[in-house]
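The block underneath contains the structure these notes are about, expressed in structure tokens.
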Amino acid sequence: MNKFLYLVFCCLLVSCTSKNESGAKKVGTTPDSTLVYYNSSKNKSLSIQERQKAIDKSYQILKGLVSDSLYGYVLDQKSLLHFTSGQYDSLLFYSNLLLRNRSEIDKTSLLAEHYYLRGYYFAEVKHDYFKAVENYSDSKEYYTRVNDSAQIGENLMNIGIIQKNNNDFFGSKETLTDALRFLKATGKIANCYNTLATNHRKLLNYSDAVGYYQKAIKITESVKDRIIYENNLAASYIDNKEFQKAIVLLQKIERDSTATANQKEYARIQDNLAYAKWLSGLSIESYEFEEPLKLRVEKKDRRGQIASYTHLGEFYSNDNPRKASTYFDSVLQIAKPLNIPRAEKDVLKLLMELEPANIHVRNRYAFLQDSLYNQELKVKTQFAKYRYDDKLKQESILNLEKENAERQLEVEKERNQKIISFSSLALLLLISVFAIFFSIQRTKRLKQENRTSKMEAIYETEAELSRKLHDDFAGKLNHAMVLLQTGSDNSKVLNVVDSLYSQSRDFSRKINDVDTGPKFKEVLFGMLGNYCRDTQLIVTGSSEVDWVKLTALTKKTLYKVLQEFMINMQKHSGASIVSIHFEQTKAKLKISYNDNGKGAAKNSLNNKNGLWNTEKRILAINGSLTFDSEKGEGFKAQVEIPN
């Protein structure tokens with residue numbers, strides 16, 4: 001309930017608009033009275049009923065005056081107050097009325113806020129997650145137009161949480177990773193880390209789950225949230241059978257005064273602690289499970305009761321199977337009306353072990369297993385389709401803007417053609433001849449520059465190989481010769497020769513030709529993983545790339561370029577996180593590289609020989625490379641190469 005009130009307050013705060021934004025047209029006294037009533041409806045010292053009466057009067061004055069600049073704000077405020085009062089049918093009526101007239105209202109920030117309100121309504125009230133994602137995506141689109149990155153990130157985070165709640169854990173990870181690029185508030189970032197951790201936990205990737213929970217705990221400024229994140233971390237330890245770690249952590253937070261203030265979370269801590277002790281083999285009494293269950297029943301925490309009844313059933317399974325079955329039946333009685341089929345399926349699996357001859361239990365389990373699989377497949381497919389449709393919509397908007405610009409250009413050309421007289425034909429002809437000549441010359445020059453770039457890349461590679469041969473081999477070879485001449489112990493000579501052999505083998509592997517066959521993706525990701533053994537590597541978009549379509553030259557260049565970035569990261573940046581995003585279009589493969597290392601001033605990048613040679617490689621195949629780096633702010637690079 002507190003979370004609900006907090007979000008309502010945020011919606012009220014976000015929807016505030018200054019008087020100057022209203023811009024009402026002055027028609028008699030109508031705009032003045034409308035604005036007075038509108039401002040009264042936003043006065044939080046008044047009761048909800050008084051505020052609704054005020055906004056109703058404002059709406060009655062403006063009813064039908066869609067062109068009035070205050071019309072959209074009145075509908076938005078009216079929708080918000082209906083939402084706050086729980087009058088959801090009225091909320092949808094006035095919200096739909098606003099959206100039907102959005103082309104005439106044309107207030108980008110207002111529409112962004114309103115779509116966010118609708119997204120929250122469909123997610124938290126109606127539990128229609130597809131409509132929620134649709135509205136959050138529309139809100140994100142409008143916030144993108146006004147360049148509000150914090151709200152873009154919050155919409156993406158909400159979508160990622162919905163995906164997680166619908167078991168689309170991989171999709172959720174990708175969405176939340178994108179959200180982290182935009183979020184500003186520490187609390188939101190901590191929540192994002194917590195949800196990412198839960199995704200990894202559900203995917204049985206416990207090491208990453210622990211890492212993200214620890215990040216959330218470290219940065220959160222809320223003691224209440226910290227208790228929740230630490231409880232989640234303890235649950236992850238239990239899942240990974242690290243019971244002692246879970247017990248120590250749960251005993252610590254159980255003593256925290258903040259934990260006892262939140263009774264639902266306190267019951268969860270006690271239940272998790274009893275479960276961890278029992279699983280670890282410690283002797284415990286049944287009351288250690290029963291006490292948190294009583295608290296959950298008292299607080300009407302029905303989801304929490306499912307966990308307590310399940311743990312009690314497991315506790316009695318060996319010593320008192322009949323009592324265990326009773327507790328498992330209690331789970332079924334709660335899970336069905338709450339529509340939590342996964343909890344029902346999990347407890348049916350435990351019941352099958354107690355009642356192996358019960359055909360009804362076995363059939364119900366098989367039915368739920370198939371049903372859940374089909375539902376999760378449908379959810380993942382629909383979310384993937386919506387992400388694809390959203391991408392197409394963004395591209396459609398860009399194409400529409402391009403068409404409008406081209407149309408305006410055509411109109412301008414027609415106007416100019418009417419003004420230009422026949423006497424200009426000679427001048428146009430002369431300009432055309434000059435343009436053709438310039439184009440031919442420019443084409444020749446670009447071809448020459450391309451050849452030069454290729455040669456420079458070859459020469460630079462040869463020079464680098466020469467330096468490595470001299471630096472890595474010459475000194476040790478000379479040392480071996482001196483040992484032989486002075487009659488040194490054979491074991492010393494053999495050690496030097498063995499070192500030379502190892503270096504030559506590593507050197508050969510490094511300069512060896514890249515495998516551009518069917519295993520190229522595996523080879524590429526293997527190389528990236530080798531350089532990131534002590535660094536977290538986040539790769540997105542790779543599944544969307546048609547690796548078979550890439551030419552051998554593109555694959556080689558991509559491998560060498562990313563290898564050089566990794567070498568630069570390992571030698572110079574000291575990064576803890578590296579992010580690589582792939583995006584493939586019809587003509588190009590785009591790669592976005594980011595790390596959170598030391599970075600470097602842009603003018604110093606030209607002095608880094610490896611990066612300079614990388615740029616030559618890309619230019620040699622008609623690609624492009626853009627560096628974005630400042631000292632202390634990480635290293636970024638945008639690469640575009642032909643398919």
Side-chain angles (χ1 to χ4, degrees), residues 1-4 123-129 161-162 164-167 198 201-202 228 231-232 234-236 238-239 250 259 262-276 278-279 284-356 358-376 379:
M1 184 66 183
N2 291 334
K3 180 181 177 183
F4 175 82
E124 302 298 327
V125 178
K126 293 293 289 182
H127 305 296
D128 187 337
Y129 298 114
I161 291 172
I162 290 173
K164 183 265 295 181
N165 291 340
N166 285 273
N167 301 318
T198 302
R201 180 183 164 198
K202 295 297 183 181
I228 294 172
N231 206 353
N232 291 342
S236 189
I238 293 172
D239 290 345
L250 289 166
N262 184 351
Q263 291 290 283
K264 284 187 178 181
E265 195 64 25
Y266 185 64
R268 182 171 171 243
I269 293 168
Q270 288 185 313
D271 185 60
N272 281 341
L273 180 57
Y275 193 54
W278 177 67
L279 288 175
I284 67 168
E285 300 297 330
S286 61
Y287 77 86
E288 295 184 56
F289 285 111
E290 292 165 354
E291 287 300 319
L293 174 59
K294 289 179 182 178
L295 191 55
R296 282 169 160 169
V297 171
E298 179 185 333
K299 296 299 178 182
K300 298 180 180 179
D301 180 10
R302 306 197 73 189
R303 287 178 176 268
Q305 291 172 40
I306 290 176
S308 286
Y309 284 128
T310 302
H311 291 164
L312 277 164
E314 292 181 62
F315 178 74
Y316 282 109
S317 288
N318 292 327
D319 300 332
N320 193 339
R322 180 175 294 180
K323 197 169 187 178
S325 295
T326 302
Y327 282 122
F328 289 147
D329 285 336
S330 298
V331 174
L332 297 177
Q333 296 304 316
I334 297 174
K336 285 182 179 179
L338 288 181
N339 192 24
I340 310 177
R342 182 168 291 277
E344 187 182 351
K345 185 194 79 141
D346 291 342
V347 82
L348 284 171
K349 183 178 181 181
L350 296 171
L351 269 173
M352 283 194 298
E353 296 176 4
L354 293 177
E355 305 172 12
N358 192 327
I359 301 300
H360 173 72
V361 170
R362 188 174 297 276
N363 289 343
R364 177 65 178 169
Y365 177 82
F367 169 78
L368 285 175
Q369 189 172 35
D370 292 341
S371 177
L372 281 169
Y373 174 79
N374 292 332
Q375 176 63 19
E376 289 177 10
V379 166

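Side chains are part of it too, since the values below use all heavy atoms of this structure and drop only hydrogens, waters and symmetry mates.
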List the steps and the verdict of side-chain contact (heavy atoms from CB on, under 4.5 Å) for L351 and N358.
-> CA-CA 9 Å; L351 269 173; N358 192 327; over 6 Å; no

List for me each residue that meets side-chain hydrogen bond (donor to acceptor under 3.5 Å, both in side chains) alongside [X], sequence neighbours excluded, and say none if there are none.
{"X": "N231", "answer": "E265, N272"}
{"X": "S236", "answer": "none"}
{"X": "Y275", "answer": "E314"}
{"X": "N232", "answer": "N194, R268"}

First locate atom [atom1] of [X], then atom [atom2] of [Y], and finally report the distance between them rounded to the nearest 0.5 Å.
{"X": "Q270", "Y": "Q263", "atom1": "CD", "atom2": "CD", "value": "8.5 Å"}
{"X": "I161", "Y": "T198", "atom1": "CD1", "atom2": "OG1", "value": "9.5 Å"}
{"X": "M352", "Y": "R362", "atom1": "CE", "atom2": "CZ", "value": "5.5 Å"}
{"X": "K300", "Y": "K264", "atom1": "NZ", "atom2": "NZ", "value": "10.5 Å"}
{"X": "Q305", "Y": "L295", "atom1": "CD", "atom2": "CG", "value": "10.5 Å"}
{"X": "N320", "Y": "Y327", "atom1": "CG", "atom2": "OH", "value": "9.0 Å"}

For D239, which residues count as a salt bridge (charged side-chain N to carboxylate O under 4.0 Å, His left out) partner, sequence neighbours excluded?
->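 Salt bridge (charged side-chain N to carboxylate O under 4.0 Å, His left out) check on D239 returns R201.
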
Tell me, please, which residues at least two apart from K294 pass salt bridge (charged side-chain N to carboxylate O under 4.0 Å, His left out).
->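 Partners of K294 under the salt bridge (charged side-chain N to carboxylate O under 4.0 Å, His left out) test: E291.
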
Does anything in residues 344-355 pair up under salt bridge (charged side-chain N to carboxylate O under 4.0 Å, His left out), and if so which pairs, sequence neighbours excluded?
->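 Matches after skipping sequence neighbours: E344-R364.
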
Kindly determine whether L354 and L350 satisfy side-chain contact (heavy atoms from CB on, under 4.5 Å), including the steps that lead there.
-> CA-CA 7 Å; L354 293 177; L350 296 171; over 6 Å; no

Qualifying ring pair (Phe, Tyr, Trp, His ring centres under 6.0 Å) pairs, either residue in residues 286-305, two or more places apart |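 Pairs touching residues 286-305 that pass the test: F289-F315.
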
Heavy-atom closest pair, residues [X] and [Y]:
{"X": "P292", "Y": "A267", "result": "CB-O, 3.3 Å"}
{"X": "R296", "Y": "G304", "result": "NH1-O, 2.9 Å"}
{"X": "A259", "Y": "Y266", "result": "O-CB, 3.3 Å"}

With distance as the sole test, does N166 use its side chain to make a donor-acceptor pair with the main-chain N or O of I162 at under 3.5 Å?
->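 Here the side-chain-to-backbone pair exists.
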
Review item, side-chain donor-acceptor pairs of residues 329-337, under 3.5 Å, at least two apart:
{"from": "S330", "atom 1": "OG", "to": "T326", "atom 2": "O", "distance (Å)": "3.2"}

For P341, check side chain to side chain contact (heavy atoms under 4.5 Å, CB included) against everything at least two apart and list the hits.
->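 Side chain to side chain contact (heavy atoms under 4.5 Å, CB included) list for P341, sorted by chain: N339, L368, L372.
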
